[in-house]
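Data block below; observations after.
No experiment lies behind these values; they were computed from the predicted model shown.
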Amino acid sequence: GSVEVGRLDPQTEEVWSEVRALPKRQAQTIALFYLEGLSYLEIGALLGCGETTVKTHLRRARETLAGRLGDAT
């Protein structure tokens, strides 16, 4: 079936609901990395932090999401 414009499938909505529940910086890095396709360097420049910090935020966010969502990610 087709998806209505502006509507997400339930699994995708669950994932983004959990992303929104993450600490602010983790949610921002997930969105910038996966939705905008930015590099670690670009994300760091936008958020005012280094590449290592961006990688740490992404790692922690992924670990949290994996724990909350199980096989959904």
Side-chain angles (χ1 to χ4, degrees):
S2 63
V3 176
E4 279 183 48
V5 175
R7 304 265 317 162
L8 299 174
D9 65 75
Q11 184 177 0
T12 302
E13 182 54 44
E14 180 184 7
V15 170
W16 287 107
S17 177
E18 291 296 340
V19 169
R20 287 188 293 274
L22 291 169
K24 183 178 178 179
R25 283 291 192 219
Q26 290 180 25
Q28 289 171 328
T29 57
I30 288 284
L32 291 169
F33 188 78
Y34 289 103
L35 291 179
E36 300 296 328
L38 299 183
S39 69
Y40 299 130
L41 184 62
E42 291 168 322
I43 295 168
L46 280 174
L47 300 181
C49 59
E51 286 181 80
T52 302
T53 302
V54 171
K55 290 177 185 178
T56 298
H57 287 316
L58 280 172
R59 179 180 49 79
R60 289 179 179 162
R62 289 178 185 134
E63 288 171 355
T64 300
L65 292 171
R68 291 181 184 169
L69 298 168
D71 292 332
T73 54

Point to revise | Arg68: side chain to side chain contact (heavy atoms under 4.5 Å, CB included) partners, not counting sequence neighbours | key: Glu18, Ala21, Leu22, Thr64
Tell me which donor-acceptor pairs under 3.5 Å the side chains of residues 27-46 have, and how far apart each pair is, sequence neighbours excluded?
residue: Gln28; atom: OE1; partner: Arg25; partner atom: NH1; Å: 2.8
residue: Thr29; atom: OG1; partner: Arg25; partner atom: O; Å: 3.2
residue: Thr29; atom: OG1; partner: Gln26; partner atom: O; Å: 2.9
residue: Tyr34; atom: OH; partner: Arg62; partner atom: NE; Å: 2.9
residue: Tyr34; atom: OH; partner: Arg62; partner atom: NH2; Å: 3.1
residue: Ser39; atom: OG; partner: Leu41; partner atom: N; Å: 3.4
residue: Ser39; atom: OG; partner: Glu42; partner atom: N; Å: 3.1
residue: Ser39; atom: OG; partner: Glu42; partner atom: OE1; Å: 3.3
residue: Glu42; atom: OE1; partner: Ser39; partner atom: N; Å: 2.7

Point to revise | Pairs involving residues 45-60, ordered by first then second residue, that meet salt bridge (Lys or Arg N to Asp or Glu O under 4.0 Å) (sequence neighbours left out) | key: Arg59-Glu63
